[in-house]
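What follows is a set of notes on a single structure, which appears directly below.
Whatever order the structure lists them in is the order used to number ligands and atoms, beginning at 1.
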Amino acid sequence: MTLLNVEELDCRYGLLQAVRGVSFEVAQGEIVALIGANGAGKTTLLRAIAGGHRPHAGKVTFDGEDVTRLPAHRRVARGIALVPEGRRLFPTLTVEENLRVAAAGNRRGRWNVKAVLDTFPLLQARRTMPAATLSGGEQQAVAIGRALMSNPRLLLLDEVSLGLAPVVVDAVYKSLANVISEGATVVLVEQDLTRALRVAGRVICLLEGRVVLEGEAQSLDRDRVVGAYFGLRSPSARGEPR
Ligand code: ATP
């Protein structure tokens with residue numbers, strides 16, 4: 001079943017067109033990775049799906065409902081949750097308070113403070129500490145936990161690896177694997193190509209706001225992905241021997 005349908009989406013910042021005619025679907029239970037170089041439009045696209053950026057044109061349909069004009073908080077109530085780039089926690093609130101803030105929407109489901117702490121055990125001992133005192137990896141776990149507290153049907157993750165040591169990224173993805181194995185539907189932005197291809201079932205590559213490559217992660221040739229990522233033309237397009 002199609003959970004998310006993005007059709008011909010255009011997003012602009014004044015004269016700058018950040019997303020150009022992007023269309024794709026995400027089925028329930030799918031893990032889709034959005035990849036692309038800096039400035040390709042990945043964050044803008046996620047924000048347009050979550051309601052943080054009003055598109056110039058195009059349509060976002062969630063579970064059969066046109067949500068293009070719905071404000072972000074009403075999309076959260078429908079089951080769309082975004083883990084934003086840079087985490088955006090409330091620095092003076094404790095870990096538990098940061099989590100509880102997101103539960104205000106009151107969608108029913110399995111996620112509560114205890115379930116989040118069980119999923120991210122590194123937060124257990126940090127429960128009553130202000131978010132600002134946490135390490136980057138711990139803060140990222142709180143940001144993901146906060147999104148889960150709204151009991152989303154679609155989880156949007158924007159560069160959870162950003163600024164974290166590889167070993168911490170591994171720990172965060174290990175916890176995420178538990179969330180994913182329970183059938184979550186996820187669209188994630190990931191700069192690390194190897195990780196994106198490993199985690200996702202399908203990969204969508206953006207270049208200068210356009211989809212330039214889309215396919216099953218397992219069947220995509222890595223060189224082709226790298227070429228699309230950097231906007232390199234294929235050998236045949238350059239007239240060189242294959
Ligand atoms: P990154 O990996 O660096 O986060 P991205 O693929 O997520 O890049 P976006 O952040 O969506 O790309 O940016 C797409 C384009 O829109 C870029 O040219 C960027 O400079 C521009 N842009 C993003 N946010 C704004 C803004 N608030 N005002 C003006 N231009 C913006």
Side-chain angles (χ1 to χ4, degrees), residues 4-26 31-60 62 67-73 75 80-89 136-137 139-140 143-144 146-147 152 154-166 168-169 172-173 176 186-200 202-215 217 220 222 224-232:
L4 175 73
N5 190 12
V6 174
E7 290 170 82
E8 293 293 324
L9 211 64
D10 281 349
C11 297
R12 297 184 179 178
Y13 298 100
L15 290 177
L16 188 143
Q17 190 161 357
V19 172
R20 300 159 185 260
V22 167
S23 300
F24 65 94
E25 288 187 2
V26 179
I31 312 297
V32 175
L34 283 178
I35 61 169
N38 285 343
K42 307 177 298 290
T43 294
T44 306
L45 182 54
L46 277 199
R47 292 184 63 236
I49 296 167
H53 180 97
R54 196 177 184 133
H56 180 76
K59 191 171 166 186
V60 179
F62 181 69
V67 297
T68 319
R69 305 277 157 218
L70 273 192
H73 69 279
R75 297 194 206 192
I80 301 178
L82 170 68
V83 179
E85 191 175 5
R87 294 142 210 163
R88 306 283 175 92
L89 299 177
Q139 290 192 15
Q140 190 62 70
I144 296 169
R146 182 179 58 182
L154 173 66
L155 185 60
L156 307 170
L157 298 163
D158 197 351
E159 295 205 36
V160 295
S161 312
L162 201 70
L164 302 181
V168 179
V169 179
V172 169
Y173 266 98
L176 264 177
V186 179
V187 177
L188 60 95
V189 168
E190 179 53 75
Q191 289 269 6
D192 180 341
L193 216 54
T194 306
R195 200 176 286 276
L197 290 168
R198 197 186 319 140
V199 173
R202 192 150 54 88
V203 172
I204 297 173
C205 183
L206 292 181
L207 177 72
E208 294 171 359
R210 287 197 176 83
V211 175
V212 286
L213 185 69
E214 178 174 359
L220 279 176
R222 198 189 152 85
R224 218 177 132 215
V225 178
V226 171
Y229 191 103
F230 291 110
L232 307 173

Worksheet item: Which of the numbered atoms in ligand 1 are below 4.0 angstrom from a heavy atom of A40?
Response: 5 (P), 6 (O), 12 (O)
Worksheet item: Taking side chain as C-beta onward, heavy atoms only, is H56 less than 4.5 Å from Q17?
Response: no
Practice prompt. Evaluate the side-chain proximity of V160 to Y173: yes if any heavy-atom separation is below 4.5 Å, no if none is.
Written response: yes
Item to complete: Give the residue, atom name and distance (to 0.1 Å) of the protein heavy atom nearest atom 10 (O) of ligand 1.
Response: T43 CB, 3.7 Å
Worksheet entry | G41 near ligand 1 by a heavy-atom separation under 4.0 Å | yes
Discussion item. Does only the side chain of L16 get under 4.0 Å from ligand 1, or the backbone, or both, or neither? Count heavy atoms.
Written reply: side chain
Response to the item:
Value for CG (L176) from CD1 (I31), rounded to nearest 0.5 Å, stands at 9.0 Å
Worksheet item: Measuring to protein heavy atoms, does anything land under 4.0 Å from atom 5 (P) of ligand 1?
Response: yes
Worksheet item: How about E7: does its CD atom have over 12 heavy atoms from other parts shown lying under 6.0 Å from it?
Response: yes
Worksheet item: Of all the heavy atoms in A37, does at least one lie under 4.0 Å from an atom in ligand 1?
Response: yes
Worksheet item: Which ligand 1 atoms does Q191 reach within 4.0 Å, using its non-hydrogen atoms?
Response: 2 (O)
Worksheet item: Just to confirm, does any protein heavy atom lie below 4.0 Å from atom 26 (C) of ligand 1?
Response: yes
Item to complete: Considering only NZ, NE, NH1 and NH2 on the basic side and carboxylate oxygens on the acidic side, decide whether E214 and R202 come within less than 4.0 Å.
Response: yes
Item to complete: Report yes if some heavy atom in the side chain of D158 is under 4.5 Å from a heavy atom in the side chain of P84; otherwise report no.
Response: no
Practice prompt. Evaluate the side-chain proximity of I144 to L157: yes if any heavy-atom separation is below 4.5 Å, no if none is.
Written response: yes
Item to complete: Tell me which protein heavy atom sits closest to atom 9 (P) of ligand 1, plus the residue, atom name and distance to 0.1 Å.
Response: T44 OG1, 3.6 Å
Worksheet item: Would you say ligand 1 has an N or O under 3.5 Å from any N or O of G39?
Response: yes
Worksheet item: Which ligand 1 atoms, with their elements, are less than 4.0 angstrom from a heavy-atom of A18?
Response: 14 (C), 15 (C), 16 (O)
Worksheet item: Once you round to the nearest 0.5 Å, how far does OH of Y13 lie from OG1 of T44?
Response: 3.0 Å
Worksheet item: Closest non-hydrogen protein atom to atom 23 (C) of ligand 1, residue and atom name please, with distance?
Response: Y13 CE1, 3.4 Å
Discussion item. Taking the side chain as everything from C-beta on, heavy atoms only, tell me whether R87 gets closer than 4.5 Å to Q140.
Written reply: yes
Practice prompt. Can you establish whether the number of heavy atoms outside R88 located under 6.0 Å from its atom CZ is more than 12?
Written response: no
Discussion item. Using a 4.0 Å cut-off to any heavy atom of K42, which atoms of ligand 1 qualify?
Written reply: 2 (O), 5 (P), 6 (O), 7 (O), 8 (O), 11 (O), 12 (O)
Worksheet item: Counting from 1, what ligand 1 atoms have a heavy atom of E85 closer than 4.0 Å?
Response: 4 (O)
Discussion item. Measuring from non-hydrogen atoms of R47 to any atom of ligand 1, is the shortest distance under 4.0 Å?
Written reply: no
